[in-house]
Undergrad: 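One structure coming up, written as structure tokens, with questions to follow.
Note that the numbering runs from 1 along the sequence shown for the chain. A quick note: this is a predicted structure, and the numbers were derived from the prediction, not measured.
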Amino acid sequence: MDYRTLDIEGPHREAPCPHSKTMVVAALAFIGCAALGVASASSASAYLYAPTAVRPATGVIATASVSGMGMQQHSQTANTVPYTTEPMYVVDRPVTQYEDSFQTQTPMGHWSTWFLFAAAAAATSAVAYFLRPSSPAKTELAMMSATAEKRLDEVFASDSAKKQIGNSAFLNKDLTARARNGPGVVNESKLKIGIVGAGLAGMVAAMDLLDAGHEVELFEIRPFVGGKVSSWLDKDGNHIEMGLHVFFGCYYNLYGIMQRTGSYDDLRLKDHIHTFVNNGGTTGALDFRFPIGAPVSGLQAFARTEQLGTSDKLANALRLGTSPIVRALVDFDGGMDMVRDLDDITFSEWFLRFGGSRGSIERMWDPIAYALGFIDCDQISARCMLTIFMLFAIRTEASVLRMLEGSPQTYLHDPIIKYIEDRGGKINLRSAVREIVHEVDADGMPTRVNGIKVSGEDKIREFDVVIGACDVPGIKKVLPESFRKIKMFDNIYQLDCVPIATVQLRFDGWVTEMQDVERMMNVSGDLSDGRGGGIDNLLYSADAEFSCFADLAVVSPGEYYKEGEGSLMQAVFDWRAFDRSEEQLVKDCIDQMHKLFPSSRKLNCTWSNVVKLGQSLYREKPGQDKYRPSQATPIPNFFLAGSYTYQDYIDSMEGATKSGIMAADEIIARAERLAAFSKDKAEGKVPQTA
């Protein structure tokens with residue numbers, strides 16, 4: 001049996017697509033470029049068409065006297081707040097942080113520029129035509145379908161797990177109902193199951209297995225659950241986090257789990273805009289707020305963004321207009337198959353191959369890549385990036401962001417813990433598994449897992465089934481050496497991880513409040529639904545060493561807002577800064593925050609914390625997808641779970657959730673055979689394949 005899930009779709013061939021659909025592709029490409037031309041033809045149109053918060057800096061020059069730093073700060077941006085009580089004006093009108101209404105009067109600008117974009121539209125339409133899918137014969141389609149089905153059957157015993165894999169899984173909103181309702185099966189045989197690791201994947205697997213009638217016990221090395229999504233209280237009552245956790249609208253499985261535990265309503269919906277903050281306080285954005293949903297909302301967001309200049313927008317239009325995303329608008333399977341085939345090159349290689357510009361990468365795509373995987377476009381797989389953009393293009397809700405009301409421990413993990421314990425599950429903290437006890441055959445190949453040994457104990461804790469629900473470094477440590485004789489396990493050692501450092505800074509005012517000095521300094525009470533001044537959303541920057549950041553006191557005020565105190569900035573530094581001391585990281589973070597928000601130089605940092613994680617997400621570099629293992633393994637009663645395992649999504653909270661559900665589904669589908677497998681062992685019979 002082949003447990004490696006790569007290429008389960010079968011050979012990648014073009015699916016049928018009527019000629020009329022191809023013309024739709026061309027028309028959409030033309031509309032995208034036309035919108036780009038209107039929005040970019042002149043700086044005046046860019047100003048009038050964009051919401052105030054993300055307009056390019058024009059008008060008066062603000063000069064700020066910075067007494068706290070003993071120097072003069074001269075900033076040529078209208079978003080910088082001078083330290084006076086006078087209102088700030090851009091082109092003779094007051095500036096506000098957000099303006100929801102759209103300005104619709106857009107002058108045509110320079111006809112020469114408009115002509116260039118029209119030419120680009122024609123070129124893109126032509127390329128879209130030549131990228132149109134062909135129509136294989138019906139017999140060939142039947143053969144392809146049969147091949148894919150056979151490969152799925154070879155890897156998965158569970159029909160439910162199969163629904164998590166393949167192109168259709170990306171658009172399957174029914175996965176939310178499956179996660180919300182549980183497995184819907186109670187097995188006749190009750191298995192004793194041990195789970196190594198109490199991260200999101202392990203806990204989700206435990207929920208389903210308990211609902212299916214099994215006895216479940218989890219073992220976690222840390223003093224808290226959550227894995228890479230962990231948070232905890234320090235001795236002074238501050239909530240500490242590893243990473244910055246954002247919930248995208250396409251997290252169908254995770255949202256179902258949260259509905260099941262009653263925590264979904266604790267998510268705070270953010271404006272449908274992705275904001276980039278640049279040195280000097282200027283901002284650009286991908287603003288998806290539009291009366292028409294995907295793909296039009298995405299097209300206009302890229303067309304109107306102030307983060308890129310006209311030439312880079314043109315380059316974006318050319319490259320994205322000839323990408324698999326365009327094909328996916330009318331032929332999702334064909335487009336997604338093209339994306340899968342791009343795992344062996346970087347996003348930069350793909351983007352620059354036909355029309356993309358280095359400026360676009362540096363000013364927009366690199367910050368997004370760092371936010372997704374903590375590496376830049378020169379390192380990240382094209383498949384990883386395009387998988388996300390594909391979802392953004394197809395599903396309006398995919399790019400919508402939510403964040404927790406407070407810490408992950410309180411608002412995500414505690415409800416899951418309660419769900420597990422209410423059903424008889426047990427979670428052992430500070431319980432490091434030092435050995436997986438197993439049997440081998442005459443050739444030294446592992447055949448069966450008998451249980452585990454926990455540090456500090458001599459006894460063997462026996463289980464019918466064991467799940468390794470660790471992250472990449474954790475599973476490498478716990479797997480016995482004999483397991484590496486099996487290729488699937490040995491492949492795991494080809495995966496490596498990226499380091500991150502999460503820096504938290506508390507200030508005595510509101511760092512991201514750039515428009516109103518009085519409001520910036522006011523920490524006396526509730527100023528808004530966000531409990532403070534500033535930007536209530538996730539932020540990106542091309543000018544800082546942290547991939548993404550946010551003011552937790554504003555975006556997640558339930559536990560991070562403190563009366564009488566200001567911003568709690570949380571920023572995630574990547575490999576570029578990881579090796580620095582904690583003191584240097586704090587200093588660098590403050591300095592870079594001040595460059596992004598010059599007005600914040602008047603504020604003081606009152607508290608700081610640094611959490612370093614030497615191995616976080618697995619490195620999504622080219623060629624790694626083939627090393628990701630399936631949840632079921634060649635050892636009949638040993639399974640894997642974790643966001644690095646193969647589940648057709650990137651290493652993320654949703655990926656972890658999918659893997660936990662899939663591992664549970666596989667065990668539930670094989671429960672009677674696994675029970676017989678354990679009975680044979682108890683009776684001393686030769687083990688049969690489960």
Side-chain angles (χ1 to χ4, degrees), residues 228-229 231 239-246 270 274-286 307 361-380 401 403 408 497-507 510-512 514 534-556 560 566-598 600-601 603 605 607-617 619-620 651-652:
K228 295 192 291 290
V229 196
S231 70
H239 289 272
I240 310 299
E241 284 195 36
M242 287 195 295
L244 184 61
H245 309 295
V246 181
K270 305 304 177 185
H274 294 215
T275 302
F276 298 79
V277 183
N278 306 307
N279 279 345
T282 59
T283 57
L286 290 174
Q307 189 64 14
I361 288 176
E362 292 175 352
R363 299 310 300 169
M364 186 166 68
W365 298 115
D366 269 349
I368 295 173
Y370 277 120
L372 287 177
F374 305 120
I375 54 179
D376 61 24
C377 292
D378 290 342
Q379 301 178 62
I380 199 166
L401 299 180
M403 299 183 77
C497 299
V498 292
I500 63 169
T502 304
V503 180
Q504 292 176 298
L505 305 173
R506 178 75 74 174
F507 288 86
W510 304 107
V511 172
T512 65
M514 298 186 288
I535 303 175
D536 182 5
N537 216 326
L538 177 72
L539 302 171
Y540 307 85
S541 180
D543 295 326
E545 292 176 308
F546 31 83
S547 55
C548 53
F549 63 105
D551 186 346
L552 293 186
V554 175
V555 300
S556 300
Y560 293 110
S567 293
L568 178 60
M569 302 303 298
Q570 182 158 301
V572 183
F573 282 81
D574 50 64
W575 60 272
R576 294 171 291 179
F578 180 80
D579 291 333
R580 298 172 196 166
S581 68
E582 292 185 6
E583 294 78 9
Q584 188 64 46
L585 280 170
V586 169
K587 181 181 182 300
D588 291 343
C589 191
I590 293 173
D591 289 344
Q592 291 177 43
M593 285 290 179
H594 287 335
K595 290 178 180 178
L596 298 179
F597 304 97
S600 69
R601 292 181 185 276
L603 305 177
C605 179
W607 174 85
S608 64
N609 187 78
V610 177
V611 176
K612 285 189 171 184
L613 187 59
Q615 300 185 78
S616 61
L617 306 181
R619 192 182 303 272
E620 294 261 18
D651 193 343
S652 61

Undergrad: Is there a donor-acceptor pair closer than 3.5 Å between any side-chain N or O of Thr502 and the backbone N or O of Met242?
TA: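 Judged by distance alone, no pair lies under 3.5 Å.
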Undergrad: Once you round to the nearest 0.5 Å, how far does CE of Met569 lie from OG of Ser608?
TA: 14.0 Å
Undergrad: Check the pair Phe276, Leu286 against side chain to side chain contact (heavy atoms under 4.5 Å, CB included), reporting the backbone distance first and the verdict last.
TA: CA-CA 8 Å; Phe276 298 79; Leu286 290 174; 4.2 Å; yes
Undergrad: Are Arg363 and Asp543 within salt-bridge range, i.e. N to O under 4.0 Å?
TA: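 Looking at Asp543 together with Arg363, the answer is yes, because their closest N to O distance falls below 4.0 Å.
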Undergrad: Would you compute the distance between atom OH of Tyr540 and atom CE of Met364 and round it to the nearest 0.5 angstrom?
TA: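 One gets 11.5 Å once the value is rounded to the nearest 0.5 Å.
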Undergrad: Is the backbone N or O of Gln584 less than 3.5 Å from a side-chain atom of Ser581, with the two atoms forming a donor-acceptor pair by type?
TA: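 Pair found, side chain donor or acceptor close to backbone of Gln584.
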Undergrad: Side chain to side chain contact (heavy atoms under 4.5 Å, CB included) between Lys270 and Asp536: does it pass, once the steps are laid out?
TA: CA-CA 7 Å; Lys270 305 304 177 185; Asp536 182 5; 2.6 Å; yes
Undergrad: Given side chains that start at C-beta, do those of Asn279 and Leu596 come closer than 4.5 Å, heavy atoms only?
TA: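 A side-chain contact under 4.5 Å exists here.
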Undergrad: Can you find a heavy atom in the side chain of Arg619 that is under 4.5 Å from one in the side chain of Gln379?
TA: yes
Undergrad: What distance separates Glu241 CD from Leu552 CG, expressed to the nearest 0.5 Å?
TA: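 Separation between the atoms: 6.0 Å.
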Undergrad: Is the closest basic N to carboxylate O distance between Asp591 and Lys595 below 4.0 Å?
TA: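 Answer for the salt bridge query: no.
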Undergrad: Between Ser600 and Val511, what is the shortest heavy-atom contact and its length?
TA: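 Minimum heavy-atom separation between Ser600 and Val511: CB-CG1, 3.9 Å.
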Undergrad: Just wondering, do Lys228 and Asp651 contact through their side chains at under 4.5 Å, heavy atoms?
TA: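 Yes, close enough: below the 4.5 Å cut-off.
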Undergrad: So, the side chain of Glu582 versus the backbone of Val611: is there a donor-acceptor pair under 3.5 Å, distance only?
TA: no
Undergrad: Treating Ser616 as the side-chain partner and Leu613 as the backbone partner, does any N or O pair qualify as donor plus acceptor under 3.5 Å?
TA: no
Undergrad: Can you name the nearest heavy-atom pair linking Asp366 to Cys377, along with the distance?
TA: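 Here Asp366 and Cys377 meet closest at OD1-N, 2.9 Å.
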Undergrad: Could you measure the distance from the CG atom of Asn537 to the NE2 atom of His274? Nearest 0.5 Å is fine.
TA: 7.5 Å
Undergrad: Side chain to side chain contact (heavy atoms under 4.5 Å, CB included), that's the test. Do Glu545 and Asp574 meet it? Break it down for me.
TA: CA-CA 7 Å; Glu545 292 176 308; Asp574 50 64; 5.6 Å; no
Undergrad: Report the distance from atom CG of Leu539 to atom OG1 of Thr283, rounding to the nearest 0.5 Å.
TA: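 Going from CG on Leu539 over to OG1 on Thr283, the span is 9.5 Å.
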Undergrad: Is a donor from one side chain sitting under 3.5 angstrom from an acceptor on the other, for Asp551 and Ser567?
TA: yes
Undergrad: So, do Phe573 and Val610 sit near enough that their side-chain heavy atoms are less than 4.5 Å apart?
TA: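 Phe573 does not reach Val610 side chain to side chain.
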Undergrad: Do Val498 and Trp575 pass the side chain to side chain contact (heavy atoms under 4.5 Å, CB included) test, and can you show the C-alpha distance, the side-chain angles, and the key distance before you say yes or no?
TA: CA-CA 7 Å; Val498 292; Trp575 60 272; 5.7 Å; no
Undergrad: Over 60° means perpendicular and under 30° means parallel, so classify the ring planes of His594 and Phe507, tilted if in between.
TA: perpendicular
Undergrad: Nearest 0.5 Å please: distance from the CZ atom of Phe546 over to the CG atom of Leu585.
TA: 11.5 Å
Undergrad: Please tell me if the side chains of Leu538 and Leu244 come closer than 4.5 Å, counting only heavy atoms from C-beta onward.
TA: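 SC-SC contact between Leu538 and Leu244 confirmed.
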